[in-house]
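Read the structure below first, then the notes.
Computed from a predicted structure; not experimentally measured.
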Protein chains: 2
Amino acid sequence: MAKQSMIKGASKPIPEPVLRRLPVYYQYLRKLNLESPREYISCAKIAEDLNNLAIQVRKDMEFTGAQGRPKVGYRVTELLKAIEIFLGWDNTTEAYLVGAGNLGFALLGYQGFKDYGLNIIAAFDSSADKIGREVYGKKILPVKKLPDMIRRTGIKIGILTAPASCAQELADAMLGAGIKAIWNFAPVKISVPAGIIVQHENLASSLAVLSKRLALLLAER
Amino acid sequence: MAKQSMIKGASKPIPEPVLRRLPVYYQYLRKLNLESPREYISCAKIAEDLNNLAIQVRKDMEFTGAQGRPKVGYRVTELLKAIEIFLGWDNTTEAYLVGAGNLGFALLGYQGFKDYGLNIIAAFDSSADKIGREVYGKKILPVKKLPDMIRRTGIKIGILTAPASCAQELADAMLGAGIKAIWNFAPVKISVPAGIIVQHENLASSLAVLSKRLALLLAER
DNA sequence: CATTAATAGATAAATATTTATCAATAAAAG
DNA sequence: CTTTTATTGATAAATATTTATCTATTAATG
């Protein structure tokens, strides 16, 4: 049952770790462009600033198809564009958010998403005191309208920020109406049929890495 | 410059992917314990429910030192305990949270952390209308008191939920006062001296995986 | 009480990912 | 104009991670 990592499609499959690093380069390059713009940048420089290996940066960039020039490196604007296109961030994708709690509010208010081609159109919630409100320019609608809205708009991405207890139920509602990908922030595994994408954001996993590393650090003297 | 993955310490180094999966098993087992308790569980059952491979589950559990019994599997309570101890979640670690925006509120209100041995003691912010408030039983204190509080309490973990623009400055303040590990939710890379742990929570990385997989899914017909 | 089947545990193979080395290229320096 | 150097791009090696196979154990069954 089930496969691992590696995202395969038409061309070369791309390792998931690479995919996760590309946005880091992207954020870095955009910041650089604002704070100390330069025409060219080398993998060595990127690696130095981000604290990883130049070879890895080069390998990662290879996947995007960006072309560098010996002795000077990549043209920053071209590199940004290459990453954008490669990740599909050049054209905007719309999404609905389900569950307008604190986390939902945080995501609604996060300005960064538009740089990544993600536009949250509206939020849904079941609590009467939230419905009708507008948060960061986005309406909070009653959750019972969700399926209908998904059908009418053809939106494919659902961001699930509801409590664990109703996560599966809400996921089912979204999938039934045509959602193809769920970004799941609920601390519970949700079951979906084959062909549906779930990206599970699990704080506990990150905390585990942190805890373990801290424990080792504190133990070593 | 810089190494990859693999967390090494006294005993066998543990692969980071394993470390990230253990909390998923942990959440699953706890839920199981509540909803349909049973004395024993096999790797095959866990794998089936979580949609991965039994062999991987077995291998992962091996790291925790949990002992199973042929024909029946692991005793659920023992397995939970083994994971807890292995991750260091059996005794509580205290943390401060810096940046009481929506995301900060969301983390302050998240009840799950106590299961993972993390206790957020207080939050810090610079905005006058937040200071003094109490959120989910946690006080919001002025950020200028942060260094002193870290020194006095000896707290080692800082959770950084401030805007990107002041992330580095706040990180420096924390480190100067003795913080050893930073859980960074700001969408920017922060620089820290050697020996300090940074766990960077990057939404863009997850979104990249989601975007790419969705793009491939939608392209394939 | 013997046999069967399910399972953990151990070992081995396969695959994915990272890192290193080498060759080609173009800018810079002499 | 030639040489040197920094860099990408290509190829290869090393390492980490996942998956498979085999063995031993123990519960269940007849």
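- Remark: the A/Lys71 side chain and the D/dT5 base include a donor-acceptor N/O pair separated by less than 3.5 Å.
- In this structure, B/Arg58 reaches the C/dA8 phosphate: one of its side-chain N or O atoms is under 4.0 Å from OP1 or OP2.
- Note on B/Lys45 versus B/Glu48: no salt bridge recorded, every NZ/NE/NH1/NH2 to OD/OE distance being 4.0 Å or above.
- For A/Ser42, the side-chain atoms get nearest to D/dT7 when compared with the rest of C/dG9, D/dT25, D/dT7.
- Distance, A/Leu53 CG to C/dT21 C1': 14 Å, rounded to whole Å.
- For A/Tyr74 and D/dG9, the shortest distance from a side-chain N or O to OP1 or OP2 is below 4.0 Å.
- Annotation: cation-pi pair A/Lys138/A/Tyr96 absent, no NZ/CZ under 6.0 Å from the ring centroid and within 45° of its normal.
- For the pair B/Arg75 and C/dT7, the criterion of a side-chain N or O lying under 4.0 Å from OP1 or OP2 is not met.
- Summarising the geometry, the separation between NZ on A/Lys59 and P on C/dT21 is reported as 14 Å, rounded to the nearest angstrom.
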Subject >> side chain to side chain donor-acceptor pair (under 3.5 Å) between B/Gln56 and B/Asp60, intermediate numbers included >> reply: CA-CA 6 Å; B/Gln56 182 167 70; B/Asp60 289 346; 5.1 Å; no
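- Relative to the side chain of A/Arg21, the nucleotides D/dT17, D/dT8, C/dT18 differ in distance, and C/dT18 lies closest.
- Atom CD1 in B/Ile55 sits about 14 Å away from atom P in C/dT15, given to the nearest Å.
- Under the 4.0 Å criterion applied to side-chain N and carboxylate O atoms, A/Glu84 and A/Lys81 are assigned as salt-bridge partners.
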